[in-house]
Amino acid sequence: MLEIVDLACIRGDRRLFSGLNFSLMPGSLLYIKGHNGSGKTTLLRTICGLFLAEDGEIRWNDKNVRSLCEDYNKEVLYLGHHNGIKYDLTGYENLQISATLDGDDVDEDKILYALAKMGLAGFEDLPTQVLSQGQKRRVALARLLINSSKLWILDEPFTALDVAAVDLLQSVIAEHVANGGMVILTTHQEVALTAGQVQTLQLGD
Amino acid sequence: MSINWFKFSSPATFYPLAGKLIPIFGVLTALIGIFGLYWGFFQTPDVLTDQKQYYRIIFIHVPAAWMSMWLYVIVVAWSLIGLIFNARLAYMIAAAVAPTGAIMTVLALFTGAVWGKTSWGTWWDWDPRMTSELILLFIYVGYMALRSAIEDNRRSDRASAVLALVGLVCIPVIFWSVNCPDPNQCAALHQSSSMSGIESNILFAMLTMTVSFWMYCFLVPLMRARNIILEREHDTAWVTEMLEVKK
Amino acid sequence: MSITEFFHMGGFGLFIWSSVGVTFALMAIEIIVVKKQHGTISKRLTRMLRMNKKVDQ
Amino acid sequence: MFNIFRCIVMRDLTLAMRRKTDVLTTMFFFIIVVSLFPLGVGTEKETLRHIAPGVVWVAALLASMLALERLFASDYSDGTLEQMLLTPQPLTVLVLGKVLAHWLLTGLPLVLIAPLVGLQYHLSIESTGVMMLALLIGTPVLSLIGAIGAALTLGLRGGGILLSLLILPLYIPILIYGSGAVAASAIPGSELQAYFSLLAAFLLMALIFSPLATAAGLRISVE
């Protein structure tokens with residue numbers, strides 16, 4: 001269970017937001033809405049631990065995130081604007097490295113299954129450099145399938161995706177939320193949820 | 001009365017305090033400086049006979065050298081306070097002190113070179129202490145270069161704090177390796193520092209000059225800190241209202 | 001310690017007075033530069049303030 | 001923990017193998033710089049033998065300095081560095097892995113090339129051996145301390161020059177004792193043990209402290 005207690009962030013001498021309070025129960029999805037520059041990305045990066053908040057606290061299962069550090073990282077998966085994959089390595093190698101780094105022992109066919117599910121069958125051992133922008137994004141999103149983190153933090157995950165990929169991603173998110181996961185995402189598309197509840201947070205005036 | 005340190009830790013309260021302290025340090029620097037020079041040039045008896053008149057350069061060289069090293073420790077101290085307490089003001093003071101430290105190093109190098117010319121005949125003979133002073137200048141320049149290369153104040157504060165810390169850990173090793181390049185027979189300081197057999201008047205004059213330099217090293221960083229505070233807090237309420245009052 | 005002797009300093013006068021002179025000159029320059037910076041910053045900020053005030057009306 | 005370390009090192013090595021040219025650039029830079037000095041200083045045997053230690057070490061410093069920029073830059077630009085910060089592994093282990101991979105690609109070739117330089121500068125076999133050993137112990141320290149600078153100047157324009165401004169002063173002890181060892185080896189009957197123990201002490205200190213500083217630098221730069 002994630003809890004944010006009067007969080008405040010300053011970026012480049014500009015106070016983005018302050019006194020932010022909300023909590024997220026397992027099996028729920030949080031939309032963060034706001035105009036550009038309202039601090040959406042900074043908030044996401046603060047929650048996952050990349051950005052140091054000015055003051056306020058983030059608690060995971062009632063324990064401050066800073067004291068948890070590595071254990072908290074195990075629970076969180078962050079997908080930002082960058083794809084987070086190496087363009088010289090193949091899709092398969094990228095996933096395998098990120099799996100070992102995340103500490104999940106993932107065998108070969110699980111990775112191949114994830115890549116196939118994301119519509120990359122046959123592209124597994126091509127250097128991701130040659131893939132299209134959408135396919136690179138799919139390789140990055142394939143990590144969601146093989147990762148065991150509870151909390152997903154996705155920063156505009158639907159960009160550069162075609163219609164088929166958007167539906168696919170929506171079903172993956174819905175499935176994750178259905179079996180007790182938590183998702184925080186900033187997006188313009190709505191995600192049709194079967195189970196779990198949806199919260200929205202408006203940032204900036 | 002218990003001094004509430006955190007009262008002065010916010011830029012808003014520090015700014016007027018610095019404003020009050022600046023004239024005090026200015027007067028102190030001038031008075032003690034003049035007194036020190038008078039004592040150094042007129043009170044020293046004829047110990048400083050003709051061929052040793054150049055000795056009077058130490059009244060400037062030694063204080064500048066001490067201050068250059070002392071100010072680096074101050075920069076690291078304030079950077080540490082900033083890192084630990086996440087206090088923006090501490091970073092600003094560290095940023096304000098560094099340029100003065102660099103100037104002190106330049107002064108120490110220049111007066112040291114003049115001293116070298118008079119006593120050993122060459123402007124620069126790679127004397128270990130002078131080389132250490134030169135390396136200290138490079139470290140200052142590196143610190144200030146990193147600070148100015150990063151626009152985002154938050155990152156430049158913390159990045160330069162880490163650099164200052166790494167520099168502090170390395171400085172003893174660097175100074176030691178410069179002083180004793182051949183570890184087998186480590187002639188620690190082949191130029192034995194001439195502090196021991198110093199005549200009391202000269203010592204007194206030099207110590208007064210050091211105090212005067214010390215006051216100077218309070219004065220200028222405080223002034224520069226006020227500039228940095230103004231620059232960084234320009235959109236806060238207290239700055240706008242202060243500017244209105246002044247207008 | 002006549003005046004000429006004072007400046008002659010046993011032949012080292014040039015050296016002593018150049019180092020003393022450069023030191024105090026550099027210190028004075030630093031003080032003046034920082035003071036001037038203070039002036040320009042507060043002037044710039046007051047001008048920005050006036051501009052914002054005009055925009056608000 | 002070890003297989004994480006191994007995974008990072010293998011990842012960086014495979015990445016480097018995919019782009020063969022990057023590997024050789026550092027080594028050739030070293031050779032070029034070392035070969036320039038005789039053209040400038042003169043090719044008289046005695047002077048060459050005299051300046052060899054200093055030239056080799058300054059060239060090693062510059063070569064490892066220029067290679068440092070690539071240490072984190074490509075990971076920073078494609079977002080993998082962020083992912084590394086978010087893995088449940090201690091960042092210092094990941095940093096050590098990356099620095100080891102970087103050293104294998106840039107520091108080790110310098111050590112292997114040293115005999116060639118020994119020939120160029122008419123160094124005796126014994127001196128060349130001492131030079132190789134000193135480089136073997138010294139270049140990792142260069143990479144470790146350089147990694148701190150690379151982390152701090154991540155993503156800054158003009159990062160290369162800035163990086164050298166920050167880090168070269170910190171390299172001075174290694175330069176002094178590294179070249180001191182090679183110079184002392186030319187004098188018969190001189191004791192080299194002290195030099196190597198000092199270089200080893202620097203290596204140990206760097207191994208302990210620099211990953212901490214680099215990790216802190218990375219967290220600050222990736223923010």
Side-chain angles (χ1 to χ4, degrees), chain B residues 72 76 79-80 82-84 86 91 98 102 105 126 128 131-186, chain D residues 141 144-149 151-159 161-181 183-184 187 189-199 201-202 205-206 208-210 212-223:
Chain B
Y72 190 77
V76 173
S79 303
L80 256 181
L83 278 177
I84 295 165
N86 202 5
Y91 290 127
T105 329
W126 291 100
T131 326
S132 315
E133 203 64 45
L134 184 64
I135 298 166
L136 185 61
L137 179 65
F138 295 153
I139 293 176
Y140 268 116
V141 166
Y143 176 85
M144 292 194 286
L146 179 68
R147 202 171 248 292
S148 59
I150 306 173
E151 289 82 21
D152 170 23
N153 286 330
R154 242 172 85 90
R155 178 181 167 184
S156 87
D157 287 347
R158 295 162 74 212
S160 46
V162 169
L163 179 69
L165 220 58
V166 169
L168 188 72
V169 169
C170 291
I171 279 182
V173 180
I174 295 173
F175 283 10
W176 186 73
S177 67
V178 166
N179 274 313
C180 147
D182 181 353
N184 293 333
Q185 20 96 7
C186 186
Chain D
V141 186
L144 281 163
I145 298 181
I148 303 174
L152 289 174
T153 59
L154 207 51
L156 298 179
R157 55 176 183 359
I161 303 292
L162 183 66
L163 176 62
S164 48
L165 211 61
L166 304 186
I167 289 304
L168 281 178
L170 309 183
Y171 278 168
I172 287 171
I174 301 135
L175 172 65
I176 289 176
Y177 290 119
S179 52
I187 309 152
S190 60
E191 181 54 49
L192 297 179
Q193 207 276 332
Y195 287 100
F196 287 123
S197 51
L198 270 173
L199 284 175
F202 291 149
M205 227 172 86
I208 297 164
F209 290 117
S210 88
L212 297 171
T214 314
L218 285 179
R219 284 197 199 290
I220 292 168
S221 303
V222 162
E223 216 172 43

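A, B, ... follow the sequence lines: proteins, then strands. Residue 1 opens every chain. Not measured: the values here are computed from a predicted model.
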Name the region of [X], side chain, backbone, both or neither, that has any atom closer than 4.5 Å to a heavy atom of chain B.
X: D:L154; answer: both
X: D:Y171; answer: neither
X: D:S210; answer: neither
X: D:Y177; answer: side chain
X: D:E191; answer: both
X: D:I148; answer: side chain
X: D:L170; answer: both

Hey, mind stepping through D:F209 and B:L165 against side-chain contact (heavy atoms from CB on, under 4.5 Å) and telling me if it holds?
-> CA-CA 11 Å; D:F209 290 117; B:L165 220 58; over 6 Å; no

Measuring from [X]:[atom1] to [Y]:[atom2], what's the distance to the nearest 0.5 Å?
X: B:F175; Y: B:C180; atom1: CZ; atom2: SG; result: 15.0 Å
X: B:R158; Y: B:R154; atom1: CZ; atom2: CZ; result: 5.5 Å
X: B:D152; Y: B:D157; atom1: CG; atom2: CG; result: 8.5 Å
X: D:L152; Y: B:R155; atom1: CG; atom2: CZ; result: 8.0 Å

At their closest point, which heavy atom of B:P128 faces which heavy atom of B:S132, and how far apart are they?
-> O-OG, 2.6 Å

Considering only heavy atoms and a distance below 4.5 Å, find which of B:C170, B:G167, B:A159 pairs most often with chain D.
-> B:A159

Using a cut-off of under 4.5 Å on heavy-atom pairs, state which of D:L166, D:I167, D:L165, D:L163 scores highest against chain B.
-> D:L166

